Enquirer: 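Below is a structure I'd like to ask you about.
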Amino acid sequence: MKTHSNSAFCFLLLVILLVGCNFGRQNENGPRVKDSPVTETSPAPSPKKIDSRLRRIDSNVMAGFSDPLSALPDDKWHEILPATIVKTDENGEALLKMAGCATVYLFQLGRMIHSECSKSEKESGNANCLADGALVYDSTCANLLEQIIQTPTAQIKPTGTWFVVAYLPDRELTITVVLKGSVEVTAVTDTETGAHAEPAMVTEGQFYLTTTDKMAQEDAALGRAQRRLLNVSGSEEIVRSYLGPWLERIRKHAEEDKVPGNLAVFSKEISGNADVIDCDCGNVGGGILALSYQKQCIARELMLRARFKEMQQLIGTCDSVASGPNARPAPNTNNSRAQAPVVVK
């Protein structure tokens, strides 16, 4: 009897377990609490429209994100992204369209980066760093969209204008010449710390020189001229001395764009003496060292022109190694970089 009771109890327990398991499976497969509606995610944002383009005007133009850069294979337009480096050789010239409406011509022996000069600065998205050489900037939308041209020693904000910027790395010198409109120039006085001076508004017919405090102390003439609003009229020789290698191209584009004003400043005449100083840098040879020699030649020519303006004397000669065959004043065959002053009347 006891055995029968135990068997009945086990049977009853088994039934309870089977019913419970079946109930759980019914709930598992049966109706469930309605899920919250699935929120459809917004489509991934499309990439930002690329509105900066580059094309070759004269060979050679190189571009890329790091050296060695690749030469543009043709004269077609090529889209460029932030951080793109654009470089021209001794004969090259590049045309860039920035932000859809600004035109930039980068002349020979130039190097420009499609980003800020200093990575620590706030990224504006429309900054371009001129690291070497000269450019012309022309824009009809500068007052609608913040655009910045930078060099290591200046920040230039245009306000609807046509202007020239050149940067000479050997002297840490930036010259900004405004032919139309106006620009706000902020001088960087220390490239290591980023210290800068108060902004200056440079208007039509004026130019502005900026360099580091250290360089201004080493070069007395530059120190006296820097961070001063100077009129191009009456200071033609100073402008020519710093823009010497690019004068012809600047004048060509100014005439094409019908820029008002006296464009005679963009010539090589100095105090009525045509081509007194011309180191013939366009004919420098040297094989694989040609580009290096040409930059060396241009730097020498600029120094001679600056000395001539400061002292009204022709002191020194063109580079004895890096100069063309028709250089004036002729290089010293003794390889000496200095000679007695020669007064040009």
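Given the structure is predicted, the values throughout are model-derived calculations rather than measurements.
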Enquirer: Set out, in order, the CA-CA distance, both residues' side-chain angles and the distance that settles side chain to side chain contact (heavy atoms under 4.5 Å, CB included) for Thr176 and Val202, then state yes or no.
Expert: CA-CA 8 Å; Thr176 305; Val202 187; 5.5 Å; no
Enquirer: Do Leu230 and Tyr208 have side chains that get closer than 4.5 Å, going by heavy atoms?
Expert: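 Leu230 vs Tyr208: side chains apart.
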Enquirer: So do Cys297 and Cys279 have their SG atoms closer than 2.5 Å?
Expert: no
Enquirer: Which atom pair, heavy atoms only, marks the closest approach of Arg111 to Asp67?
Expert: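 Answer, listing the atom of Arg111 first, then Asp67: NH2-OD2, 3.1 Å.
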Enquirer: Would you mind reporting whether Phe107 and Thr88 have side-chain heavy atoms less than 4.5 Å apart?
Expert: no
Enquirer: List the steps, then state whether side chain to side chain contact (heavy atoms under 4.5 Å, CB included) holds for Val178 with Gln206.
Expert: CA-CA 6 Å; Val178 180; Gln206 294 182 321; 5.7 Å; no
Enquirer: Is it possible for you to say whether Met201 and Val188 belong to one hydrophobic cluster, with membership spreading through side-chain heavy-atom contacts below 4.5 Å?
Expert: no
Enquirer: Under the side-chain hydrogen bond (donor to acceptor under 3.5 Å, both in side chains) rule, what do Ser52 and Lys97 come out as? Steps first, then yes or no, please.
Expert: CA-CA 5 Å; Ser52 296; Lys97 288 288 187 180; over 6 Å; no
Enquirer: Does Ser233 offer a backbone N or O that forms a donor-acceptor pair with the side chain of Asn231 under 3.5 Å?
Expert: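 No.
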Enquirer: Which heavy atom in Pro152 sits nearest to a heavy atom in Thr191, and how many Å separate them?
Expert: O-CG2, 3.4 Å
Enquirer: Using the test ring pair (Phe, Tyr, Trp, His ring centres under 6.0 Å), find all partners of Tyr242 that sit at least two apart in sequence or belong to another chain.
Expert: none
Enquirer: Please report the closest heavy-atom contact between Ala102 and Tyr137, naming both atoms and the distance.
Expert: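 Closest pair (atom of Ala102, atom of Tyr137, distance): CB-OH, 3.7 Å.
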Enquirer: Are Tyr167 and Val165 close enough that some pair of their side-chain heavy atoms sits under 4.5 Å apart?
Expert: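 Contact flag for Tyr167/Val165 side chains = no.
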Enquirer: Any side-chain heavy atom of Leu96 within less than 4.5 Å of one from Ile80?
Expert: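 The answer is yes, as the side chains (C-beta and beyond) meet within the 4.5 Å cut-off.
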Enquirer: Does a side-chain N-to-carboxylate-O contact under 4.0 Å join Arg56 and Asp75?
Expert: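 Salt bridge present between Arg56 and Asp75.
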Enquirer: Are the side chain of Glu184 and the backbone N or O of Lys157 linked by a donor-acceptor pair below 3.5 Å?
Expert: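 Such a contact is absent between Glu184 side chain and Lys157 backbone.
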Enquirer: Shared ILVMFWY cluster between Val185 and Met112, side chains joined below 4.5 angstrom?
Expert: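 Same cluster: Val185 reaches Met112 through Ile, Leu, Val, Met, Phe, Trp or Tyr contacts under 4.5 Å.
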Enquirer: Distance check, rounded to the nearest 0.5 Å: Phe266 atom CZ versus His253 atom NE2?
Expert: 12.5 Å
Enquirer: Taking all heavy atoms of Gln108 and all of Pro245, pick out the closest pair and write down the distance.
Expert: NE2-O, 2.8 Å
Enquirer: Which heavy atom in Val61 sits nearest to a heavy atom in Glu93, and how many Å separate them?
Expert: CG2-O, 3.3 Å
Enquirer: NZ/Lys180 to CD/Glu204 distance, rounded to the nearest 0.5 angstrom?
Expert: 8.0 Å
Enquirer: Taking Asp280 for its side chain and Asn326 for its backbone only, find out whether a donor-acceptor pair lies under 3.5 Å.
Expert: yes
Enquirer: Shortest non-hydrogen contact from Thr103 to Tyr105?
Expert: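 The answer is CG2-CE1, 3.7 Å.
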Enquirer: May I ask you to test the Thr210-Thr153 pair for a side-chain heavy-atom distance under 4.5 Å?
Expert: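 Contact flag for Thr210/Thr153 side chains = yes.
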Enquirer: So, do Phe65 and Leu81 sit near enough that their side-chain heavy atoms are less than 4.5 Å apart?
Expert: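 When only atoms from C-beta onward are counted, Leu81 and Phe65 do touch, with a gap below 4.5 Å.
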Enquirer: Anything under 3.5 Å between a donor and an acceptor, one on a side chain of residues 212-219, the other on a protein residue two or more places apart or in another chain? List them.
Expert:
from   : atom 1 : to     : atom 2 : distance (Å)
Thr212 : OG1    : Glu172 : OE1    : 2.7
Thr212 : OG1    : Met215 : N      : 3.2
Asp219 : OD1    : Ala221 : N      : 3.3
Asp219 : OD1    : Leu222 : N      : 3.1
Asp219 : OD2    : Arg171 : NH2    : 2.3

Enquirer: Using a 6.0 Å cut-off, check whether atom CD of Glu256 has over 12 heavy atoms from anything other than its own residue.
Expert: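 Result for CD/Glu256: enclosed.
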Enquirer: Determine, stepwise, if the pair Asn128 / Val104 fulfils side chain to side chain contact (heavy atoms under 4.5 Å, CB included).
Expert: CA-CA 10 Å; Asn128 292 279; Val104 176; 5.9 Å; no
Enquirer: Measure the CE-CD1 distance between Met62 and Ile85 for me, rounded to the nearest 0.5 Å.
Expert: 11.5 Å
Enquirer: I want to check something: taking the side chain as every heavy atom from C-beta on, are Ser323 and Cys281 in contact at a cut-off of under 4.5 Å?
Expert: no
Enquirer: Less than 4.5 Å apart, any side-chain heavy atom of Phe163 and any of Ile156?
Expert: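 In short, these two side chains touch, coming nearer than 4.5 Å.
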Enquirer: Look at the SG atom of Cys117 and the SG atom of Cys129, then say if they are under 2.5 Å from each other.
Expert: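 Bridged: Cys117 to Cys129.
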Enquirer: Between Arg300 and Thr317, is there a donor-acceptor pair closer than 3.5 Å when you use the side chain of the first and the backbone of the second?
Expert: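 Here the side-chain-to-backbone pair exists.
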Enquirer: Which value, rounded to the nearest 0.5 Å, describes the distance between Leu130 atom CG and Leu106 atom CG?
Expert: 7.0 Å
Enquirer: Rounded to the nearest 0.5 Å, how far does CZ of Phe207 lie from CG of Leu243?
Expert: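 The CZ atom of Phe207 is 9.5 Å from CG of Leu243, to the nearest 0.5 Å.
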Enquirer: In Å and rounded to the nearest 0.5 Å, what is the CG to CD1 distance from Leu109 to Ile298?
Expert: 4.5 Å
